[in-house]
Amino acid sequence: MRIATWNINSIRARADRALAFLERTGTDVLALQETKCKDEQFPREAFEAAGYEVATLGFSQWNGVAIISRVGLEDVQTTFAGQPGFGVEPVTEARALGATCGGVTIWSLYIPNGREIDDPHYAYKLEWLKHLRAQAESWITPGTGDPDAQIALVGDWNIAPLDEDVWDIEAFAGRTHVTPAEREAFAAFADAGYTEVSREHIPDRTFTYWDYQQLRFPRNEGMRIDFTYASPALAARVTGATIERNERKGKAPSDHVPVVLDLAD
DNA sequence: ATGACCAGCTTGGCTGGA
């Protein structure tokens, strides 16, 4: 089975790219982030015509996640327990969508950006990750969950875990995505029993995001912020991973590219 | 060329992205 995650940066602007990607790579399950549309605006028919089922979560033009599967799409969940909202009167955002596809529970995750270190969105980001981690741990803990569960936490984590995950760490002084607190929040998923399964298959300094501005892509000045955490039972099935760098080329690309994961049958 | 932001909505100048 082949699963992939991609921050598409508007599904309406790039449905053709997503369809071509599915056909070209033979991906069975695609988790999307930043679909940037309400559920009723999602171009689901195009994917259904290609033989996929579609689950979407979109409240407005911001955020938005989806799962597209041709190996079943069951038990759709539109939040995780305890998912924080943003604001004084917390508003839940469209950032987490779970579904079971071919026996694997896939969570399409769009972790909050954080904006600036002194912005309330930064504290929100850390809180969001803390609660997701607590739930993810419970899902594979005996008693509250199933130690044999096959769970994939995939998406745009908006964190560069290592200095080599950005083109120039000195350019990120005082910025989000590289702070110790964010990196600790990311590493906490490993402490909870999950393994980030893409890195061992992909060379260092292979990026998943390049800003549209300042020739960042031609200069390969990017960031690696899209990751795939797997539960123990799922991690044991991973046979390979790729970053689809060529998806950043051509007409009207997303600023992120897909991360593809291959699983043994 | 991989080339000097892009998306959506309020449709024209904002916000959000990272």
Side-chain angles (χ1 to χ4, degrees), chain A residues 5-18 20-21 32-43 56-66 85-87 91-95 108-126 128-129 155-183 185-186 205-227 242-259:
Chain A
T5 181
W6 193 2
N7 180 321
I8 193 77
N9 186 22
S10 170
I11 188 60
R12 288 180 289 174
R14 273 175 269 286
D16 54 345
R17 270 194 179 258
F21 167 79
L32 294 170
Q33 299 87 38
E34 280 211 272
T35 52
K36 288 189 168 176
C37 66
K38 299 175 184 177
D39 291 330
E40 60 268 28
Q41 296 173 312
F42 195 101
T56 67
L57 183 68
F59 304 142
S60 70
Q61 72 269 40
W62 306 122
N63 313 309
V65 283
F86 180 76
V91 176
T92 300
E93 299 180 314
R95 295 184 178 275
S108 180
L109 302 167
Y110 180 43
I111 278 73
N113 171 296
R115 301 188 185 184
E116 304 294 336
I117 290 171
D118 58 0
D119 191 293
H121 286 89
Y122 178 75
Y124 171 55
K125 177 181 196 174
L126 296 175
W128 208 94
L129 286 162
D156 177 0
W157 291 75
N158 271 318
I159 296 171
L162 305 177
D163 286 357
E164 53 262 44
D165 294 331
V166 297
W167 82 90
D168 177 7
I169 191 62
E170 293 181 9
F172 285 81
R175 311 289 304 278
T176 62
H177 295 64
V178 299
T179 65
E182 289 166 285
R183 288 175 169 180
F186 185 83
R205 301 191 67 80
T206 305
F207 301 131
T208 64
Y209 163 87
W210 299 260
D211 197 302
Y212 288 121
Q213 301 186 62
Q214 297 179 267
L215 291 174
R216 291 297 187 213
F217 184 57
R219 291 173 171 162
N220 196 31
E221 294 174 346
M223 304 173 71
R224 186 165 177 181
I225 55 178
D226 298 86
F227 294 99
T242 60
I243 288 173
E244 298 289 317
R245 192 175 187 281
N246 286 341
E247 281 295 346
R248 188 62 175 77
K249 302 179 182 178
K251 187 166 181 273
S254 170
D255 43 4
H256 293 249
V257 296
V259 180

Original post:
With the sugar-phosphate defined as primed atoms, P, OP1 and OP2, and the base as all remaining atoms, what B/S/- string results for nucleotides 8-18 of chain B, 5' to 3', for protein heavy atoms under 4.0 Å?
Top reply: SS-----BBBB

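Side-chain nitrogen and oxygen atoms of A:Arg219 include none within less than 4.0 Å of the OP1 or OP2 phosphate oxygen of B:dA4.
Nucleotides B:dT10 and B:dG16 have their P atoms positioned 14 Å apart, rounded to a whole Å. Between the C1' atoms of B:dT2 and B:dG12, the separation comes to 31 Å (whole Å). Nucleotides B:dC14 and B:dA4 have their C1' atoms positioned 23 Å apart, rounded to a whole Å. Taking atom C1' in both B:dC5 and B:dA18, the straight-line distance is 12 Å, to the nearest Å. When the C1' atom is compared between B:dT11 and B:dC6, the two are found 16 Å apart, to the nearest whole Å.
Ring geometry for A:His256 against A:Tyr209 counts as tilted: the plane angle lies between 30° and 60°, on a 0 to 90° scale.
Using modelled atom types and a 3.5 Å distance limit, the side chains of A:Asn9 and A:Ser254 yield no donor-acceptor pair.
Taking the side chain to side chain donor-acceptor pair (under 3.5 Å) definition, one finds that A:Arg14 meets it with nothing, sequence neighbours left out. The side chain to side chain donor-acceptor pair (under 3.5 Å) search around A:Glu164 returns none, not counting sequence neighbours. Qualifying side chain to side chain donor-acceptor pair (under 3.5 Å) partners for A:Glu116, counting only residues two or more places apart in sequence or in other chains: none. Residues passing the ring-ring contact (aromatic ring centres under 6.0 Å, His included) test with A:Tyr122: none are found, sequence neighbours excluded.
Base pairing of B:dT2: no nucleotide in any strand meets the Watson-Crick or G-U wobble criterion (both distances under 3.5 Å).
For A:Leu215, the side-chain atoms get nearest to B:dG3 when compared with the rest of B:dA7, B:dG3, B:dC5.
Every pair passing salt bridge (Lys or Arg N to Asp or Glu O under 4.0 Å) that includes a residue from residues 173-183 of chain A is listed here, sequence neighbours excluded: A:Lys125-A:Glu182, A:Asp163-A:Arg183.
The nearest whole Å value for the distance from the CH2 atom in A:Trp210 to the C1' atom in B:dC6 is 17 Å. Summarising the geometry, the separation between CG on A:Asn246 and P on B:dT2 is reported as 9 Å, rounded to the nearest angstrom. In this structure, A:Lys251 atom NZ and B:dC5 atom P are separated by 18 Å, rounded to whole Å.
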